[in-house]
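In what follows, chains carry the letters A, B, and so on, assigned in the order in which the sequence lines appear, proteins first and then strands, with residues in each chain numbered from 1.
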Amino acid sequence: MATVTAPDPAGTVSRRRGGFVRSIRALAARPGFLPGFVLFSVPLLAIILGALFLERAPMDNAIRLAPPSLAHPFGADNLGRDLFGHVLRGGQISLVIGICVAVLSTSIGLVLGLIAGFVRVADAILMRIMDGLMAIPGILLAIALMSVAGSGLFNVIVAITVADVPRVVRLVRSMVLSLREQTFVDAARMAGNGTGRIVFRHLLPATLGPLAVQATFICTSAIITEAYLSFIGAGTPPDTPSWGNIIAEGRIYFRSAPWIVLIPGFLIAATVLGINLMGDALRDALDPKVAKAI
Amino acid sequence: MLAFVVRRVLLAVPVMIMVATFVFLIMQLGTSDPAAVLAGDLATDAQIVAIRERYGFDQPVWVQLFKWFALLAQGDLGTSIYTQMPVTRLIGQRLEATVALAVYAMVVAILLAVPLGTIAAWKAGSWIDRAVMIFAVSAFSFPVFLISYTLILVFALELGLFPVQGYQPLARGIGPFLEYLTLPAISLGLAFAALLARMTRASVLDMLRQDFVRTARAKGLRTWRVLVHHALRNAAVPIVTVIGLGLAALISGVVITETVFAIPGIGRLTVDGILTRDYPVVQGVVLFFSFVYVLLNLAIDVIYAVVDPRIRY
């Protein structure tokens, strides 16, 4: 039976929706996406539920360094705190840092990269600065910044962002440099579009896919860098529990209570592995040529 | 060739100047009084004044930067607040442990990753390939301290095969040296091995599709000979570049591994510097590691040109 759908002369709505569903299907079909999604979703769900429903448990001397049990699934730490709630709260901080660093460094990197790719004078200066910043291994740059600025959530986010921005700038710049030579940019220019319009309407959308992939990797490396910084005493302060912080505090009790280190450690690994697998799937879905080569 | 090496060395100089400028600026912009930071929490007013004069902090910024470069050019990285020793001497004392750990980790990574990557490429699509790739993605996602503590729990505390912590210098014999350094080297090497295995697989896979490999097979050569002598040999160049990419990960790993295993190296010196708020030490180590990083990348570029005769700049 033939049916006539709602009037949509150009078919834009259905085409767009169809395209979106197709993209999601293509992404989900990549091997690795589903395990990645599950690995990431489980800790994420636990962290969200923990933030909504878990009360801060009082310190209880009776359960000091208690091993994992039914009453305390993750055991307890040296101060008699139930680790389940403590670790989930730590997860909030670690994820917030990962997401903030990813959003900040891709946004700043995108703007600087577009400038470097389009303005010759700015390019020479910007890229020399970026080369210098990239010559300092990321974690050391963050350590240098943190040792001057002092520990704190905001400082950690800024320090890791500064270390990550140059990589994004390089990526965006190289994409802009190759895109601006393409015929569709010439066509847009011949059609009378100005530089601003070409950048925002034609170049920017083309950079967003690879940038999203890069953002997933920045997010995971920020989660790990935060854990490293807190582990060596240059990260979030002790009253702000993050996964790295909990591991740093549990380090001296490793022989008698290894779960304090191992449980948050495995949660970092699961979250990072999950996001990395999804990032890989996204990259492959966006660029099938790379998928075949790797 | 010589012209290329000279040009590449000259290109590294401005990068190093830029690095030194950044470290200087971090100290300038991050605090209201850099002299107080360099003097430490317990310094007297006289000591702060002395440091202010030494680095010229009461003078215009460009004079300060010039003085900073002049001291660096003489190999002066400042004096530790906590031990009152020159930072260069502190680094020198700890160099052996860090170099030993990094080299051992690199050896572990290469011995593990190159065969695994080659086999994965040879059996592409099989369960072996999938297992190697799962290893590669996982090992790269696991934080170094998780691998370290898991190895300590299993091999040191449960099985008692290795000591839990500590370091024995090479001078006391190769036996104890390796005994203490094996677990740290595996912890540090695994993430590197993951990166290397992935690249080896991609690179060898690319070579296996080439005509000369088909010719070698058609000549009736054995599989291992085709793999090792034809595919792996030609795949070596991209693998060498990955070693350069992984160096940054190796340096951050050194800091963590030395902390977990209580190895008295430069990474541990960094952490002690942070904990005792010994800013000159932190600054000196960051500069030292960054210079080493630039120089190693330079060395890799040169090796790259030597390994692959097609590359002539």
*Asks:* Can you name the residues of residues 286-296 of chain B that have some heavy atom under 4.5 Å away from a heavy atom in chain A?
*Replies:* B:Val286, B:Phe289, B:Ser290, B:Tyr293, B:Val294
*Asks:* What residue in B:Ile152, B:Val260, B:Val144 has the most heavy-atom pairs under 4.5 Å with chain A?
*Replies:* B:Val144
*Asks:* So which residue, B:Val19, B:Ile256, B:Val282, ends up with the most heavy-atom pairs under 4.5 Å with chain A?
*Replies:* B:Ile256
*Asks:* Less than 4.5 Å to any heavy atom of chain B: does that hold for the side chain of A:Met134, its backbone, both, or neither?
*Replies:* backbone
*Asks:* Might you work through the side chain to side chain contact (heavy atoms under 4.5 Å, CB included) test for B:Ile274 and A:Met146, ending with a clear yes or no?
*Replies:* CA-CA 9 Å; B:Ile274 293 166; A:Met146 290 303 294; over 6 Å; no
*Asks:* Contact part of A:Ile139 toward chain B, heavy-atom cut-off under 4.5 Å: side chain, backbone, both or neither?
*Replies:* side chain
*Asks:* How long is the span from the OG atom in B:Ser141 to the CG atom in A:Leu277, to the nearest 0.5 Å?
*Replies:* 6.5 Å
*Asks:* Taking atom CD1 of A:Ile143 and atom CD of B:Gln283, what is their separation to the nearest 0.5 Å?
*Replies:* 13.5 Å
*Asks:* Please round to the nearest 0.5 Å and tell me the distance separating atom OH of B:Tyr149 and atom CZ of A:Arg251.
*Replies:* 5.0 Å
*Asks:* Going from CG on A:Leu133 to CZ on B:Phe22, what distance comes out if it is rounded to the nearest 0.5 angstrom?
*Replies:* 3.5 Å
*Asks:* Could you tell me which of B:Ile147, B:Val15, B:Thr259, B:Val23 has the largest number of non-hydrogen atom pairs under 4.5 Å with chain A?
*Replies:* B:Thr259
*Asks:* Can you tell me how far CZ of A:Phe254 sits from CG of B:Leu153, rounded to the nearest 0.5 angstrom?
*Replies:* 4.5 Å
*Asks:* Sort by residue number and list every member of residues 123-131 of chain A having a non-hydrogen atom under 4.5 Å from chain B.
*Replies:* A:Arg128, A:Ile129, A:Asp131
*Asks:* So which residue, B:Ser138, B:Ser252, B:Pro143, ends up with the most heavy-atom pairs under 4.5 Å with chain A?
*Replies:* B:Pro143
*Asks:* Quick one: which residues of residues 227-238 of chain A reach chain B at under 4.5 angstrom, heavy atoms only?
*Replies:* A:Ala227, A:Tyr228, A:Phe231, A:Ile232, A:Gly233, A:Ala234
*Asks:* What part of B:Ser203 gets within 4.5 angstrom of chain A, counting heavy atoms only: side chain, backbone, both, or neither?
*Replies:* neither
*Asks:* Nearest 0.5 Å, please: how far is CZ in A:Phe217 from CZ in B:Phe140?
*Replies:* 9.5 Å
*Asks:* Could you check which of A:Pro35, A:Ala135, A:Ala144 has the highest count of heavy-atom pairs closer than 4.5 Å to chain B?
*Replies:* A:Ala135
*Asks:* Under a 4.5 Å cutoff for heavy-atom pairs, which residue among B:Ile251, B:Leu146, B:Val137, B:Val255 has the most contacts with chain A?
*Replies:* B:Leu146
*Asks:* Could you tell me which portion of A:Ile224 (side chain, backbone, both or neither) has an atom closer than 4.5 angstrom to a non-hydrogen atom of chain B?
*Replies:* side chain
*Asks:* With a 4.5 Å cut-off on heavy-atom pairs, point out which of A:Val162, A:Thr220, A:Leu145 contacts chain B the most.
*Replies:* A:Leu145
*Asks:* Is atom CZ of B:Arg277 surrounded by more than 12 heavy atoms (other residues, nucleotides or ligands) closer than 6.0 Å?
*Replies:* no
*Asks:* By number, which residues in residues 259-267 of chain A have some heavy atom less than 4.5 Å away from chain B?
*Replies:* A:Val261, A:Leu262, A:Gly265, A:Phe266
